[in-house]
Number of protein chains: 2
Amino acid sequence: MKAHPARKYASSTDVARLAGVSQSAVSRTFTPGASVSAATRAKVLQAASALEYQPSIIPQIMLSGKSKLIAVVLGGLGNPYYAEFLQELAQQLEPRGYKMIVLYAQSDYGFEVLAAQLASYRVDAIISALAVLSSTSASELTAFKIPIITFNSDERSPWIVSISANNRHASAQMAQHLLARGAKRFAFLCGPVDSPASQHRLAGFRTALQQAGVEQLIVLQADHFTYESGFETTKQCFVEAGKPDAIYCANDVLAMGAMDALRFSLGLNVPKDVLVAGFDDIPEASWLSYDLTTITQPPVLLVKTALRVLEKMLAQPGQKQLSVTLKGELVERSSTNRSSSRKA
Amino acid sequence: MKAHPARKYASSTDVARLAGVSQSAVSRTFTPGASVSAATRAKVLQAASALEYQPSIIPQIMLSGKSKLIAVVLGGLGNPYYAEFLQELAQQLEPRGYKMIVLYAQSDYGFEVLAAQLASYRVDAIISALAVLSSTSASELTAFKIPIITFNSDERSPWIVSISANNRHASAQMAQHLLARGAKRFAFLCGPVDSPASQHRLAGFRTALQQAGVEQLIVLQADHFTYESGFETTKQCFVEAGKPDAIYCANDVLAMGAMDALRFSLGLNVPKDVLVAGFDDIPEASWLSYDLTTITQPPVLLVKTALRVLEKMLAQPGQKQLSVTLKGELVERSSTNRSSSRKA
DNA sequence: TTGAAAGCGATACCAC
DNA sequence: GTGGTATCGCTTTCAA
């Protein structure tokens, strides 16, 4: 059986021919606010529906150079926060008429190759959940002259704006919270070494503890921001590191891995034996089996901020924009509350 | 301060002018396998890099009608399975040179509007995690003549192919598993009424129970596929429905909500008092605080299958394709194992 | 190997 | 209100 030829879309010229009008008339019929007589409009619409005419946006992209496409780069693997973020982005982008091209990447290595591909689609901007890590990456990306919004990055340029959580401040708050809950020996469970967010959270936590007179801080190092990594790192390092009674984790997924290692592998009770806290406030954090104290970083707010910055960048390309810091707030749940009546 | 004009990309004509060659020569330089002399090529490449030339894919789309864009429609809200699916899709689509346009939609209502927008970008296909529910939707979508792949839908047409889990068979297996574990009074926690997947799972479960001589099945009805909905429905309906000793849930997220309602709201132990099982095998299902028995539906396999079907559809547009059923398998964990040594 | 020219499908501007 | 025409940036075909 012979393969069909690829589907051929009807063009405005086809519609014009069938309707017995000019191609311009067809274009006007589909342009809101353009002047067409009712008679012409009717003829056009009928012909259009007969041919299943679907106007193409492609020629407009060619003329205008604007595609109404926003590229979204996600750094995959296991953080539900990304899913929330993506969905929120979709919802806020939709009414503005943008569509999202979504890509996954493991690290900012090779980001330039990605950017080149995206440039060939003439995307209007790139929003990257992946941090731009090196100044090499940053300058290569800058060459594309595409507005880039990134999160928790230290690098920036007129074309790269970073939006960050108030990692240091919120982590200081967390230190105070844990101190107030009676913790004495603290641990911080880091994410991958190249994560600026993780480092800033550690720094803020450490500083606040020092200011409260606590000099010692056990630092556990997870390889990935995953449950499994949180679990294994906690299981292997907890005892030899000297049994802290409070663990603050670089994000929620790590914290849940840590909690389960404590409970099911080390036979400890959370929060009775050890307090555990995280960062992000993913939906799973409020699931009662974890009920994790954490720092909220509402995706709605994050996206709203990102789009506000984006609009400015699109209005004034190449203009230096200020970096933005969001304020995350501590959400107290039973993972750090010994007096809670919660069963486990 | 005056706003800059929008970024203007260099065109092949610009490069040609600077290099002192024809525009065709530039095009050939960037077309693998085209015949250009080394000298010309060198001149072109130098000029291109000076102008930061990035070939546009847009004119090709216009000429060929193929955009190398695949639209992915997700039905939002709280099912981590979507995130896994999306990531896997990204990874398998990338080496084939496709980019994804991602959209969220609440239901297949308004799907045609979405499809129209996607058609205007000349997407090559649509992959929809959302089920196509009504035959009205189906026929309207068919009019676009865009290959559509959907999941767990009953509707189909030459342009719409559905890929389904073996919902009935796997659910029958689950019934046998729960019977073998000693359950006597069964409940099924449904998802939204308009979900075909949920209905097929219920049907398979009920039939298998009947074949085993169990006539009674309590059916609980959740409004959404969310943790919260699973929690509330279980909490409110469990007792009045007559205390089952095994609950099979239409998906994992519901199951986790159910587990927590049993534990923290009703004071029951899982699995000692009640066995709980789900469907999907999301990553959270293997987190030890839940350790949920469920049916795997590996995203890798799902995506691999989807793309195999897609390739056929693209090769033979409008040709009737066979629907596909995947085989999911039961994964037994401690949520249905009373003798497990797991602590909680 | 090279350059000139046609063509894709829309919008915008121009006379009429 | 209408139709003709230029235009965007490529790939492809055809002559040289």
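Proteins come first, then strands; the chains are lettered A, B, ... in the order of their sequence lines, and each starts at number 1.
Judged by distance alone, with hydrogens and angles left aside, the side-chain atoms of A:T150 form no donor-acceptor pair with the main-chain N or O of A:S153 at under 3.5 Å. Listed for the A:Q92 side chain is a donor-acceptor partner under 3.5 Å among the backbone atoms of A:V300.
The pair A:K304-A:E88 fails the salt-bridge criterion, with no side-chain N (NZ, NE, NH1 or NH2) lying under 4.0 Å from an Asp/Glu carboxylate O. Using a 4.0 Å cut-off between a side-chain N of Lys or Arg and a carboxylate O of Asp or Glu, B:E311 and B:R96 qualify as a salt bridge.
Shown for residues 12-26 of chain A: residues whose heavy atoms fall under 4.0 angstrom of DNA chain C, namely A:S12, A:Q23, A:S24.
A donor-acceptor pair shorter than 3.5 Å cannot be found between the side chains of B:S27 and B:S24.
Atom CD1 of B:I61 is separated from atom P of D:dC8 by 19 Å (rounded to the nearest Å). Distance CE (B:M62) to C1' (D:dT12): 14 Å, rounded to an integer number of Å. Separating the CZ atom of A:R122 from the P atom of D:dG9 is a distance of 8 Å, rounded to the nearest angstrom. Look at CD on A:Q54: it is 14 Å from C1' on C:dA10, rounded to the nearest Å.
For D:dT2, the OP1/OP2 oxygens have a side-chain nitrogen or oxygen of A:S37 closer than 4.0 Å. Between A:Y9 and the phosphate of C:dA10, there is no side-chain N or O to OP1/OP2 separation shorter than 4.0 Å. Close to D:dT2, at under 4.0 Å from its OP1 or OP2, lies a side-chain N or O of A:T40. Contact annotation: A:K8 reaches the phosphate of C:dG9 (side-chain N/O to OP1 or OP2, under 4.0 Å). Between B:Q60 and D:dC10, a side-chain N or O to OP1/OP2 separation shorter than 4.0 Å is absent.
Aromatic pair A:Y53/A:Y9: centroids not less than 6.0 angstrom apart.
Nearest-nucleotide mapping onto DNA chain C: of B:L63 and B:S35, the residue sitting toward the 5' end is B:S35.
Residue A:S27 is in base contact, counting any heavy-atom pair closer than 4.0 Å across all strands shown. No contact: A:I58 has no heavy atom under 4.0 Å from any strand. Among the protein residues, B:Y53 comes within range of the sugar-phosphate backbone only, with heavy atoms under 4.0 Å from sugar or phosphate atoms but none that close to a base.
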For nucleotides 14-16 of chain C, tabulate all protein N/O to nucleotide N/O atom pairs closer than 3.5 Å, reporting atom names and distance.
none

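Heavy atoms only, all atoms of each residue included: B:D124 and B:G65 are closest at OD1-O, 4.2 Å.
Residues B:I127 and B:L307 meet the side-chain proximity criterion, which asks for heavy atoms closer than 4.5 Å.
With values rounded to the nearest 0.5 angstrom, A:L74 atom CG is found 7.0 Å from A:Y82 atom OH.
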